[in-house]
Amino acid sequence: MEIRDDAGFFAALDANEELPYGKARTARAEELVVVAERMGDDENLAWALLRLITAYNYGGESPRTPVPLSRLLKLWDEHPEGFDEQLTHHLFWDLKWVTSSLLSVPEVPLTAIRGYLADMERRYRTAGHSPRPVHQSRFYLARHVGADAETTEAFDAWLAADRDRLADCDACERREQARWLIAQGRDGDALELLAPTLDGELTCAEEPQVSLATSMLPLVRAGDPDRARAHHLRGYRSVRGKVSTYAAVAEHIEFCALTGNEGRGIEILAEHRAWLERPQSDPSDHSDFLAGVAVLLRRLVAVAGPELVVFEDTSAGALRDTVERELFEITARFDARNGNDAVSSRVRRRLAAVPVATSLPLGLRSARVAAATEPVAPRIAVPAAADVEELRAHAQELDTQGHPDSEAAWRDYAAAARERGQDVDAFALAAIEEADGVELVEEGEFAAGIAALTRAAAGYLAADAPGRAVGAEVRVAMARFRAEEADTIELFDAARDKAAKFLPGDAAPLALVLHHRVIVALASEAEDVDDVLTELHDLGREYGLRHRQAAALHIRAERALQQDRTADALADLSAAITLCGEAERPWLACRPLFLRSQVRMQSGDPAGAEADMRAALEKAAFYAEPQLPVGHALTMLANALGAQERAEDALPFALEAAHVFDDEGDAEMAAACRRGAVSMLFGLGRDAEAAAILEELLPEIEAQHGAEHAMHERWALGMCLRRLGDARDAAKHLSMAAEAATKVADRATQAELAVAAAHALDDAGMAPQAQAAFGRAIELLRAEGDVRETVRALRAKAWNIAGNTDREDPSGVDRALALFGEALRELAGAGGGADSGAGSGADADVGSGDGSASGVGSGDDVAAMIAVETAGTHHQLAHLLARADRLHPALDAADRAATAYVPLLPEEGDGYVDAVQLAARIEAFGLEQRQTAVTRLTAALSACAAADFQAVQDLRALRNELAKN
């Protein structure tokens, strides 16, 4: 479009401001500088240069800033009278950027940068501005070249100087100050400085998203991984793909690399792969990006080996070499310019970073990076003979206790003995063989497991441990039962006969046989279950085998629950837990604690359920109890906390559960945990985190869990995005959800979704689509008999029509007034009164009756709803008419609204005050009836006083203003 005059020029400048920062916006800004030169107007040229400087600075081309800035300074020096206050402010504001812009280009000599700094200081001093930006720029220079003393001095001077209009925004200053403190190892001070930004008190174009990235690793180091995770989920959506936040993307990659989320790091890198191939910013920013990527690649090589495929055509090792070569080529250029190795040394320290967490679940379904080889136990150094014996004695002690670590202890002893060239104890070999057999059976390798257990039984006999041999034999019987072989009960009976011969001296073999026999009886639904169970319980009690007695009580509790005898089950479980402690085998309490937690939760005792599940998880973590279903335990703990309205506490456990289910390959449960986490985040108002998880989860939900689940998750995503201000994406997802609802949801849900989609389309400026969606919603709401929501949808559609019609075209307002008329008739019909014609929209009369509206509620509820919505409809109608300069009908509608609000005081006091003020302003300023307006305001003040509504300052101020004139 050809630009012919100033109006067209400034319209073009403003239009370019709507584009995202990047090549297209910068190119247009350069074109507009040429246009301004051709127009021959210094003011136009100054504005064009200012906008170009901004485009360079935020579009990844800050090294180009000095050229337009020099031209701008020349204009100022030659014709300062041509710069108004706003232009002058922008000139001095942009002057601050020159130091960082030049520092980021290694080919610019330090002498030139210092010269610009001196000029900046002179200009600021001459103009009487605070030296704060000058000290800030000196700090950047000293930090860059590694002059620690000068950096500290400039930092202190920066903080001490007064803030004025030319200081960077508080959030940006705090971020840079925090980064320096983090580099000094002062994480706590840095996080304290960032707190107002992280809490949303300080914002700007780059904040809080950049500070969120900066804070993540310090938070983990400070022991707050939950906030770090939240900052990743909340912040990454805001920096993804944006050149203006180049370094923040790298911080997210680095965070993933150092918290056990290497797979997520690969995903982020893949989204920004083009940045590796074609730098999007200056050398300084690009080296920051490469450094974050290099941290990830080094970690990938360390975990999975150099051959790990990162992209379809690139391995981790090869990409690491390429990235580091380019990275150190850039740092070498800076080092050459600076005359030291400060820049490259900082990069090397960053690349040497070690993980700050072995695993920090983010709630995202990212691919896990598998280790290149299975973990290998540390090789035991050759000990003295006595030390080998100590290892054997320790293993024997653990074995006698039935400790979960006994297997590892036997293996440690055997390895030490072999290292020493000694024979391994026969009992130890049998114990290791037995452990191998049990593991093979658990993996479904029944033949191999049975063979190993058979060898273990023979080994125990050779070691003169016949009781343990019987134990191995009963495990063989159990394996054959699980393999569904015939006549396995005979094997248990044979083992039982052998075990009974050890009585009364050793009851352990018989107790073990009975324990397994009970399990078999339960699985096969044998008639003698209760008899065997009683025998096990009594044997354990008689011979002091408390852990076997506890096992019997646990099983008995499970049977009681099947018969709905909750009190009996709780008593048996409590006794079992106590017995596990008395037997000094606390690890065996994990499963009865798990079950008691479930029972307490179902019995309405979430606090008790929480305590039990925490105890079970703590014991399982300490003793590595292999049979506790950790994923389900974490899920239940999250549910128990949620039932106590402690969503903030429950969230980490839901995310950890999803992480566990991912590892176990249970995609359905992992997705369910993530949906639960999203629900918690949604309720907590943490929409950015919820949206991040939902965006990642949606494809899986659509592919595996059906259209109805996908509709609900897309609905939730749309609502999150709408609250985040992402109107376009919110409209897309809510419209898709509303469309899906027509196929899978009931009419009430369809109506609710249609309303949500309509509002989102309205927010996004998609007027025709919004009006169609409102129309669909109104049809559904009327069919549901939902008068309140029908009225609200009619009003919303009216405002959309009026707001998207040319103000000179009266038809838009007329169509809107017709919809307000429909709304008033809906209310009249709900109240059982006469039809209220809307006419011009101001003469609608609402009937008052005692009838009830379908789907609304009781008569009292209906009457209250009608009263509130009637007042609100007249109120909105008054504003619409006033906006259209239809003052007489607007005054009539405002008067009706105020009258309708009076019986609703003080609850609807704010609406009443606004309606009265609107009426008074129309009278005083539109119709020049000041005294009438004063009288109205005086009466309104009296009405508020009578209703004990105190917030009347605006009414009083307006009355006093009008009374003076």
Side-chain angles (χ1 to χ4, degrees), residues 1-62 64-97 165-166 169 204-205 243-244 725 727-728 762-768 770 799-813 816 879-880 882-887 925-926:
M1 182 181 74
E2 185 178 354
I3 296 173
R4 302 177 180 276
D5 53 25
D6 288 351
F9 174 76
F10 283 103
L13 275 180
D14 291 342
N16 198 38
E17 291 293 292
E18 299 300 317
L19 295 177
Y21 288 110
K23 300 292 184 183
R25 177 167 174 168
T26 300
R28 182 56 173 159
E30 290 172 336
E31 291 173 6
L32 290 171
V33 169
V34 175
V35 170
E37 289 174 329
R38 189 172 62 245
M39 294 177 76
D41 187 307
D42 285 348
E43 182 180 357
N44 291 4
L45 178 58
W47 277 113
L49 290 168
L50 284 166
R51 298 290 174 84
L52 178 58
I53 291 167
T54 302
Y56 282 154
N57 196 61
Y58 289 106
E61 298 181 82
S62 58
R64 301 177 68 183
T65 297
V67 174
L69 182 59
S70 295
R71 294 187 61 186
L72 191 61
L73 288 171
K74 185 178 179 182
L75 276 177
W76 163 263
D77 290 337
E78 293 177 352
H79 302 289
E81 71 283 354
F83 284 68
D84 61 15
E85 182 180 354
Q86 190 176 13
L87 266 176
T88 301
H89 173 78
H90 280 290
L91 167 69
F92 279 90
W93 182 272
D94 290 2
L95 189 56
K96 299 182 299 181
W97 291 343
R165 292 179 61 222
L166 289 172
C169 86
C204 72
V243 175
S244 59
R728 283 275 171 178
D762 189 11
D763 293 343
M766 302 167 70
W799 278 108
N800 181 275
I801 291 171
N804 289 282
T805 306
D806 192 306
R807 293 179 73 92
E808 302 300 319
D809 180 0
S811 65
V813 175
H879 276 288
L880 186 105
R883 179 179 174 276
D885 290 329
R886 302 187 185 186
L887 298 184
F925 303 118

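Every value quoted in this text rests on a predicted model; they were computed, and no experiment measured them. Residue numbers start at 1 and run along the sequence shown.
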Does some side-chain heavy atom of His90 sit less than 4.5 Å from a side-chain heavy atom of Trp47? yes
Under the side-chain contact (heavy atoms from CB on, under 4.5 Å) rule, collect the residues that match up with Asp806, sequence neighbours excluded. Glu808, Asp809
Suppose we screen for side-chain hydrogen bond (donor to acceptor under 3.5 Å, both in side chains). Which residues come up paired with Trp76, at least two apart in sequence or across chains? none
Quick check: closest heavy atoms across Leu69 and Asp94, and the distance to 0.1 Å? CD2-O, 4.0 Å
Calculate, to the nearest 0.5 Å, the distance between atoms CE and CD1 belonging to Met39 and Ile3 respectively. 7.5 Å
Could I get the full list of salt bridge (charged side-chain N to carboxylate O under 4.0 Å, His left out) partners for Asp41, not counting sequence neighbours? none
Return the set of residues passing ring pair (Phe, Tyr, Trp, His ring centres under 6.0 Å) with Tyr21 (not counting sequence neighbours), or none when no residue passes. Tyr58
From Glu43 CD over to Phe9 CZ, what is the distance, rounded to the nearest 0.5 angstrom? 9.5 Å
Residues at least two apart in sequence or cross-chain that pass side-chain contact (heavy atoms from CB on, under 4.5 Å) with Arg71, listed by chain then number, are Val33, Glu37, Leu45, Leu49
Who passes side-chain hydrogen bond (donor to acceptor under 3.5 Å, both in side chains) against Asn804, sequence neighbours left out? none
Where do Ala55 and Thr26 come nearest, in terms of heavy atoms and distance? O-OG1, 3.6 Å
Quick one: list whatever passes side-chain hydrogen bond (donor to acceptor under 3.5 Å, both in side chains) with Asn800, sequence neighbours left out. Asp762, Gln771
With sequence neighbours excluded, residues passing salt bridge (charged side-chain N to carboxylate O under 4.0 Å, His left out) with Arg25: Glu17
Taking only residues two or more places apart in sequence, or in another chain, which ones meet Asp14 in a side-chain contact (heavy atoms from CB on, under 4.5 Å)? Arg51
Return the minimal non-hydrogen interatomic distance between Cys169 and Trp93, and the atom names on each side. N-CH2, 4.2 Å
Could you go through residues 80-88 and list every donor-acceptor pair under 3.5 Å that involves a side-chain atom there, pairing it with any protein atom two or more places apart or in another chain?
unit_1, atom_1, unit_2, atom_2, d
Glu81, OE2, His79, ND1, 3.4
Asp84, OD1, Gln86, N, 3.2
Asp84, OD1, Leu87, N, 2.8
Thr88, OG1, Asp84, O, 2.8

So do Leu95 and Leu166 actually touch side chain to side chain, heavy atoms under 4.5 Å? no
How would you list, by chain and number, every residue that makes a side-chain hydrogen bond (donor to acceptor under 3.5 Å, both in side chains) with Asp6, sequence neighbours excluded? Asn44
Just verifying a value: how many Å separate Leu75 CG and Asp42 CG, rounded to the nearest 0.5 Å? 5.0 Å
Which heavy atom of Leu880 sits nearest a heavy atom of Ala802, and at what distance? CD1-CB, 3.5 Å
Between atom CZ of Arg38 and atom CG of Leu32, what is the distance when rounded to the nearest 0.5 Å? 10.0 Å
Residue set satisfying side-chain contact (heavy atoms from CB on, under 4.5 Å) with Pro20, at least two apart, ordered chain then number -> none
